[in-house]
Amino acid sequence: MNEVCFKNLNEKEPWSLATYEANGGYSVWKRVIKGEFTPEEIIDELKVSGLRGRGGAGFPTGLKWSFMPRNDDGQKYVVCNSDEGEPGTCKDRDILRFNPHSVIEGMAIGGYVMNASVGYNYIRGEFMEPFYRFEGALKEAYKAGLLGENIFDSAVSFDLHTHLGAGAYICGEETALIESIEGKKGQPRFKPPFPANVGLFGKPTTVNNTESFASVPEILSKGGKWFADLGVENSGGCKLFSVSGHVNNPSNFEVPMGTPFKDLLKMAGGIRKGKKLKAVIPGGSSTPVLTAEEAMSMNMDYDSIEKAGSMLGAGSVIIMDDSTCMVEALTRLAHFYYDESCGQCTPCREGTGWLYRVLKRILDGNGKIDDLDLLQQVGSNIMGNTICALGDAAAMPVESFLRNFYSEFEYYIKNGKSMVKDNV
Amino acid sequence: MISKKAKKQIDSWTEKYPANQKSSAVMEALKIVQLENGNCLNPELIQEVADYLDMPGIAAQEVATFYENYNHKPMAKNIIRICHNISCMLNGSDNLVSHLESCLGVKTGEVTPDGLICVKKVECLGACVGAPMMQIDDQYFENLTAKKVDEIVKSLRKEGK
């Protein structure tokens, strides 16, 4: 436990440069500056490590870095996505608060590999404590000569800045995030062209999640194989899991990939007050909900969770006990996507509204039995028909809640009230 | 009017971007002038920000209306932003919203008669393991109970700020 991003968590002032360096921090960056690693070697090591994008999509980081046209002339950018906002997800906040230097070092290494001399860390506007922490770390790093022009008199230069959001979940989508740094509405772009060709300010850009960047220094320090061996096949390393909801000890846990879900649940103190586990959303609000039975037999890695019927996403595990009304829970999620749809694509802009209004009508006791078909229909009309993944993210919970807890929705419509609250 | 002080603050953001990309600082610039104007924007201020950053007024207006954290009507001095999304809901945030409404005597979205406090229900603030939670200014308050909320409201009133 706590071997990579949370390595220094129990130290005094884990966020300080002194603590970070005392635990081997910036040693990889210093070796990079001395020319001990070629960019190709770093990419190969990341490929060996099996590190996959920690923001939710799970795309191999080494492969992503290899897409950048590093030998082309002109400015290139690395961007860190700290726009954490998917319900259930709160791990990047803790990385920024407790280990900001690992993000700086990871971004600097990324800048070197992709030949990008400027980086931006996009932090959501509400994260002011993490923002000040990160800014403090930046100041320390500049003062120590670890960032800037011709670092330690080498040919390597890297400047790093923060950019603050202003309250829009959609900016977690990488092209919306790029638009937002350009000072525009956060509306996703069509792909292709991909950001590696046309990104920030029209220049080649790579966007990675905070946890992905923070994992890089430790991987290069101890070797890709070391990291890969922490996890299981196809899911290298360890990962932060945010366990929230009906547990005794909700918290962020950094555990090896492949850890059984039931062990993670135990770490989080188990279910409260003699209640029973009812449902689990394993990867953040957009990932399909699982029944207790499905969840209890899965392990926390990409393949196992997919086999169970859901996705690892950002590792945001939302636990619901048997007092949870699934109609109410789904309505809350539907409201989120309705509120956060950027309005660009019609299926999502209109569809998320339909989903929310139909669910609200059921919740208010005015539902009709046909509404359940209507919900499924609206969901499938959104799926795959939008520029970005927000549409799918809105539709997937609806499909899975109805599939796994259909009778509860039916009961609510027939009786105008919750099956759960009725039984209490 | 954008004050000299605000302009200086805005300049510290434009420095981060390429010289022909001053408009990248618009999100922060709008926040800075909003704070100076009693937590509220208006069309004139938005145009001034646009002029200052060499961008069309409509582009600044788009930003000011797209993102959640800008206000277009007079707001309370303190905005309590309470999360009502899934993890907070599972941990009783609805009860806390009702509790706040009854002890302040206003509904969510309304401002108390003394202009001091307004409660807004907001979407996930990314602190789910500390649910239920809320935000006032830059600060997060986590693992809330009705008692803790009472204390926070009391201290807001005491400071009268």
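Since the structure is predicted, the reported quantities are computational estimates derived from the model, not experimental observations. All chains are named by letter (A, B, ...) in the order of the sequence lines, taking the proteins before the strands, and each is independently numbered beginning at 1.
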Hey, mind stepping through B:Gln21 and A:Phe201 against side chain to side chain contact (heavy atoms under 4.5 Å, CB included) and telling me if it holds?
CA-CA 8 Å; B:Gln21 293 287 349; A:Phe201 308 130; 3.3 Å; yes

Among A:Ala168, A:Ser251, A:Ser242, which has the most heavy-atom pairs under 4.5 Å with chain B?
A:Ser251

Can you measure from OH (A:Tyr337) to CD (B:Glu123) and round to the nearest 0.5 angstrom?
10.0 Å

Does a side chain donor of either B:Asn91 or A:Arg272 reach within less than 3.5 Å of an acceptor in the other side chain?
yes

Nearest 0.5 angstrom please: A:Glu179 CD to B:Phe66 CZ, how far?
10.0 Å

Least distance between heavy atoms, A:Tyr77 atom then B:Pro18 atom:
OH-CG, 3.6 Å

Looking only at B:Thr65, B:Val63, B:Leu125, B:Asn20, the option with the highest number of non-hydrogen pairs under 4.5 Å against chain A is B:Leu125

Between B:Lys31 and chain A, with a heavy-atom cut-off of 4.5 Å, which part of the residue counts as in contact: side chain, backbone, both or neither?
side chain

Taking all non-hydrogen atoms of both residues into account, name the closest pair between A:Ile318 and B:Leu90 and its distance.
CG2-CD1, 3.8 Å

Do you know which of A:Gly125, A:Cys171, A:Gly186 has the most heavy-atom pairs with chain B at a distance under 4.5 angstrom?
A:Gly186

Minimum-distance pair of heavy atoms, taken over all atoms of B:Asn69 and A:Gly167:
ND2-N, 3.6 Å

I need the residue from A:Cys342, A:Gly343, A:Ala268 with the largest number of non-hydrogen atom pairs under 4.5 Å to chain B.
A:Cys342

Quick one: what part of A:Gln75 sits under 4.5 Å from any heavy atom of chain B, side chain, backbone, both or neither?
neither

Looking only at heavy atoms, what is the nearest atom pair of B:Val129 and A:Val243, with distance?
CG1-O, 3.5 Å

Should the heavy atoms of other residues, nucleotides or ligands under 6.0 Å from OH of A:Tyr338 be counted, would the total exceed 12?
no

Could you tell me the separation between the CZ atom of A:Arg332 and the CD1 atom of B:Ile86, rounded to the nearest 0.5 Å?
8.0 Å

So, the part of B:Val26 with a heavy atom under 4.5 Å from chain A: the answer is side chain

Apply side chain to side chain contact (heavy atoms under 4.5 Å, CB included) to residues A:Leu164 and B:Trp13 and explain how you reach the verdict.
CA-CA 10 Å; A:Leu164 274 172; B:Trp13 282 91; 4.1 Å; yes

Of the backbone (N, CA, C, O) and the side chain (C-beta and beyond), which part of A:Leu200 lies under 4.5 Å from a heavy atom of chain B, both, or neither?
neither

Below 4.0 angstrom, N of the basic side chain to O of the carboxylate: do A:Asp339 and B:Lys121 qualify?
no

Enclosure of B:Lys148 NZ (heavy-atom neighbours >12, cutoff 6.0 Å)
yes

Measure centre to centre between the rings of A:His163 and B:Tyr17, then say whether the value is under 6.0 Å.
yes

Among the listed options A:Gly183, A:Cys90, A:Ser244, A:Ala166, the residue most often paired with chain B at heavy-atom distances under 4.5 Å:
A:Ala166

Could you grab the distance from atom CE of B:Met89 to atom CE of A:Met320, nearest 0.5 Å is fine?
8.0 Å

Locate the shortest heavy-atom distance separating B:Tyr67 from A:Lys185; write the atom from each residue and the value.
OH-C, 3.7 Å

Quick one: which of A:Ser180, A:Ser316, A:Gly85 has the most heavy-atom pairs under 4.5 Å with chain B, could you say?
A:Ser180

By a 4.5 Å heavy-atom criterion (distance strictly below it), what part of A:Thr324 contacts chain B: side chain, backbone, both, or neither?
side chain

So which of A:Glu328, A:Gln187, A:His335 has the biggest tally of heavy-atom pairs under 4.5 Å with chain B?
A:His335

Can you tell me how far apart SG (B:Cys124) and CZ (A:Arg124) are? Round to the nearest 0.5 Å.
6.5 Å

Please flag which part of B:Ala131 lies under 4.5 Å from any non-hydrogen atom of chain A: side chain, backbone, both or neither.
neither

Within the distance-only criterion (no hydrogens, no angle test), does the side chain of B:Lys16 pair as donor or acceptor with the backbone N or O of A:Thr162 below 3.5 angstrom?
yes

Tell me, side chain or backbone of A:Lys184 under 4.5 Å from chain B's heavy atoms, or both, or neither?
backbone

Would you name the heavy atoms of B:Ser24 and A:Glu182 that are closest together and state the gap between them?
OG-CA, 3.5 Å

Quick one: what part of A:Tyr169 sits under 4.5 Å from any heavy atom of chain B, side chain, backbone, both or neither?
neither

Give the member of B:His84, B:Gln139, B:Gln135 that has the highest number of heavy-atom pairs under 4.5 Å with chain A.
B:His84

Using non-hydrogen atoms only, which part of B:Gln61 is less than 4.5 Å away from chain A: side chain, backbone, both, or neither?
neither

Per-residue contact mode, B:Glu62 against chain A (heavy atom under 4.5 angstrom):
both

Find the distance between CZ (B:Arg81) and CD (A:Glu126) and round it off to the nearest 0.5 Å.
5.0 Å

